[in-house]
Number of protein chains: 2
Amino acid sequence: MYNDLIPAFQIGGIVAAPKGNMSYRDIKKVVLDRIQNRIWGPDSLLPGEIELAEEFSSTRTTVNRALRELAEEGFLERKRKAGTRVLHSPARKAQFAIPLVRDEITDAGATYRYSLVKREVMPAPSWLTAKLALKPDREVLHLQCMHFADNEPFQLEKRWIIVESVPEVLEADFTASGPNDWLVQKVPFSNLELSFFATKADEDTAGFMDASVGDPIFATQRTTWLRGEPVTHAVLYFTPGYKMTTRL
Amino acid sequence: MYNDLIPAFQIGGIVAAPKGNMSYRDIKKVVLDRIQNRIWGPDSLLPGEIELAEEFSSTRTTVNRALRELAEEGFLERKRKAGTRVLHSPARKAQFAIPLVRDEITDAGATYRYSLVKREVMPAPSWLTAKLALKPDREVLHLQCMHFADNEPFQLEKRWIIVESVPEVLEADFTASGPNDWLVQKVPFSNLELSFFATKADEDTAGFMDASVGDPIFATQRTTWLRGEPVTHAVLYFTPGYKMTTRL
DNA sequence: CAGTGGTCTAGACCACGCC
DNA sequence: GCGTGGTCTAGACCACTGA
């Protein structure tokens, strides 16, 4: 039984409310503990905020913040009039930072190097026109770039930028630094779609990465809009063996 | 220039503060707009909370909530004494729900079916002992299960459960429903590590999924602890072509 | 050490949504 | 309708940390 894992002093410890004033963090801890120890089991209804405020000798405002954050973290469901309920499946949410490649590399203590592989102004390929619901015959700037960590291939970036949305992109110089840096500086974005998937290295990709044809490749795809207008679409191919990790 | 995309009425609209009292949501919108329109450019320092509260004819508490949430969302950095600063790279954070497979399938409108492929009590394999820092010679329950969506293979689950942490797992019946369901009901968890990566289908995996050997497979890995004790480790292999997506 | 954000209080009004 | 959470206010004290 999992209770074997609970040190004796904790059974009556955290679960019971300490005396004196408690911060919203303390309240979060106690509530979470009660959920995890099934004192408030799945689907059960928690006492109202006022009642909890009394128990914790705190105020409703403070209790509210604690419960609100636990709800954001996916432990509780809150509805007006209905009250606060424990979710049966811990619909926890994972959070990932979306860093710039450069930051990702330098944060890992490696040296970052960038290289422009290809630059081409072209009509939007039909799959892109369809995906972004572009008007027909739009012009796009297509770029391919490599990002290195300690001179090892780290990421291959294929990017399409809608010229109409960012005309000045045609003047930009991408030989020294990548389009992501430039876009971040020049264009705010209001909306983003992010996907993760697995693909296999084709001959082209394998050539750039330290990979063999057919190697499994972890890839992410990002599409960005500004106030409803598509700005750019990028696919990022990671070096074989890459693993994206979070803790919570 | 991206300003071309901004309808004229917005330039002097959202960016300027509306009169009257504003909610924290309104304040968030205005501040975000000013960031995106470079009125408060990257790295610039925002006015203090009191000053903003005056401008928005609101209180510091309300402004505080707005700025705090924008910071959580990755737009701002806040430090005592230093003030609130606009982050140069929109270090936005992606949030994913971590649903039960069954929910993921039924939410998509498909029919869920489960099948137990393998059940085995065994000594912990050495890689698992190392990964979870187990004491030597621990016993684990190893399970392999298939999850189907509309009778199409959707996910292959390989799971190891530390018997010592959850002894009663040996009595559980996993022929009708999966170990995840059981664990969620019986064992709370306090800590979780989550990874995403790409791998290729081996003969075994390809046999279960609708896949060929060598196909790229998107996989996730979850390790769960309860109060510092490892409980279970699972690797979930998705059917080829699976793509995980979020918007923000 | 002084200024900024972090948090708590006590009270109020409001809006949503079950009953 | 009416109870519950959602939010705002006005004020206070505190803790961190940069100048």
Side-chain angles (χ1 to χ4, degrees), chain A residues 14 17-32 34-35 40-88 91 93, chain B residues 14 17-32 34-35 40-88 91 93:
Chain A
I14 294 186
K19 299 180 181 181
N21 296 3
M22 300 173 65
S23 72
Y24 80 97
R25 288 168 195 275
D26 299 329
I27 296 178
K28 278 181 76 171
K29 276 185 200 131
V30 174
V31 172
L32 190 51
R34 289 186 185 171
I35 294 170
W40 289 327
D43 278 326
S44 65
L45 197 61
L46 266 63
E49 294 185 341
I50 299 176
E51 200 175 328
L52 287 174
E54 281 164 11
E55 179 191 342
F56 298 137
S57 53
S58 173
T59 54
R60 195 167 82 86
T61 315
T62 303
V63 170
N64 180 281
R65 178 162 182 190
L67 296 185
R68 181 176 11 108
E69 292 195 357
L70 284 172
E72 274 168 15
E73 289 162 27
F75 293 102
L76 300 173
E77 182 190 37
R78 316 194 74 202
K79 275 188 205 161
R80 287 162 156 141
K81 169 73 180 175
T84 300
R85 203 169 279 282
V86 179
L87 287 174
H88 63 286
K93 290 163 187 169
Chain B
I14 294 186
K19 299 180 179 181
N21 296 1
M22 302 173 65
S23 73
Y24 81 97
R25 289 168 195 276
D26 299 329
I27 296 178
K28 277 181 75 172
K29 276 186 201 129
V30 174
V31 172
L32 190 51
R34 289 187 186 171
I35 293 171
W40 289 325
D43 279 326
S44 65
L45 196 61
L46 266 63
E49 294 185 343
I50 300 176
E51 199 175 329
L52 288 174
E54 280 165 11
E55 178 190 344
F56 297 136
S57 53
S58 172
T59 54
R60 195 166 83 86
T61 314
T62 302
V63 170
N64 180 283
R65 179 162 181 191
L67 296 185
R68 185 181 1 113
E69 292 194 357
L70 285 172
E72 273 168 16
E73 290 162 26
F75 293 102
L76 299 173
E77 182 189 38
R78 317 194 73 203
K79 276 188 204 160
R80 286 162 155 137
K81 168 73 180 176
T84 300
R85 205 168 276 282
V86 179
L87 286 174
H88 62 287
K93 289 165 187 168

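Numbered from 1 within each chain, the chains take letters A, B, ... in sequence-line order.
- A distance of 13.0 Å separates CG of B:L67 from CZ of B:F75, quoted to the nearest 0.5 Å.
- Phosphate proximity of C:dG6 to A:R65: absent, as no side-chain N or O sits under 4.0 Å from OP1 or OP2.
- Whole-Å rounding puts the A:E69 CD to D:dG5 C1' distance at 16 Å.
- If B:Y24 and A:I50 are placed on DNA chain D by their nearest nucleotide, the residue sitting closer to the 5' end is A:I50.
- Within 4.0 Å of B:R85, counting heavy atoms only, lies no atom of the nucleic acid at all.
- The CD atom of A:E49 sits 8 Å away from the C1' atom of D:dG6 (whole-angstrom rounding).
- The nearest pair of heavy atoms linking B:A66 to B:I27 is CB-CG2, 3.7 Å.
- Partners of B:T61 by side-chain hydrogen bond (donor to acceptor under 3.5 Å, both in side chains), not counting sequence neighbours: none found.
- For B:R25 and D:dG6, the CZ to C1' distance is 9 Å, given to the nearest whole Å.
- Spacing between atom NZ of B:K28 and atom C1' of D:dT7 amounts to 14 Å, rounded to whole angstrom units.
- As rounded to whole Å, 14 Å separates atom C1' of D:dC8 from atom CZ of B:R68.
- Separation of atoms CZ (B:R68) and CG (B:L76) is listed at 13.0 Å; rounding is to 0.5 Å.
- D:dG6 atom C1' lies 16 Å from atom CG of A:L76, rounded to whole Å.
- Remark: P of C:dC8 and CG of A:L52 are 15 Å apart, rounded to the nearest angstrom.
- In this structure, B:K29 and B:R34 have side chains that are not in contact, with every pair of non-hydrogen atoms separated by 4.5 Å or more.
- Residue B:N64 places no side-chain N or O under 4.0 Å from the OP1 or OP2 atom of C:dT7.
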Q.
Protein within reach of the bases, or only the backbone? For nucleotides 9-19 of chain D, mark each nucleotide 5' to 3' as B, S or -, using heavy atoms under 4.0 Å.
A. BBBB--BBBB-

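- For the OP1/OP2 pair of C:dG6 and a distance below 4.0 Å, the side-chain nitrogens and oxygens of B:R78 include at least one atom meeting the criterion.
- Put simply, CG on A:L45 is 15 Å from P on D:dG3, counting in whole angstrom units.
- Between A:T84 and the phosphate of D:dG5, there is a side-chain N or O to OP1/OP2 separation shorter than 4.0 Å.
- Under the 3.5 Å distance criterion, the side-chain polar atoms of B:R85 are matched with a main-chain donor or acceptor of B:D43.
- Without hydrogens or angle criteria, B:S57 side chain to B:E54 main chain gives no donor-acceptor distance under 3.5 Å.
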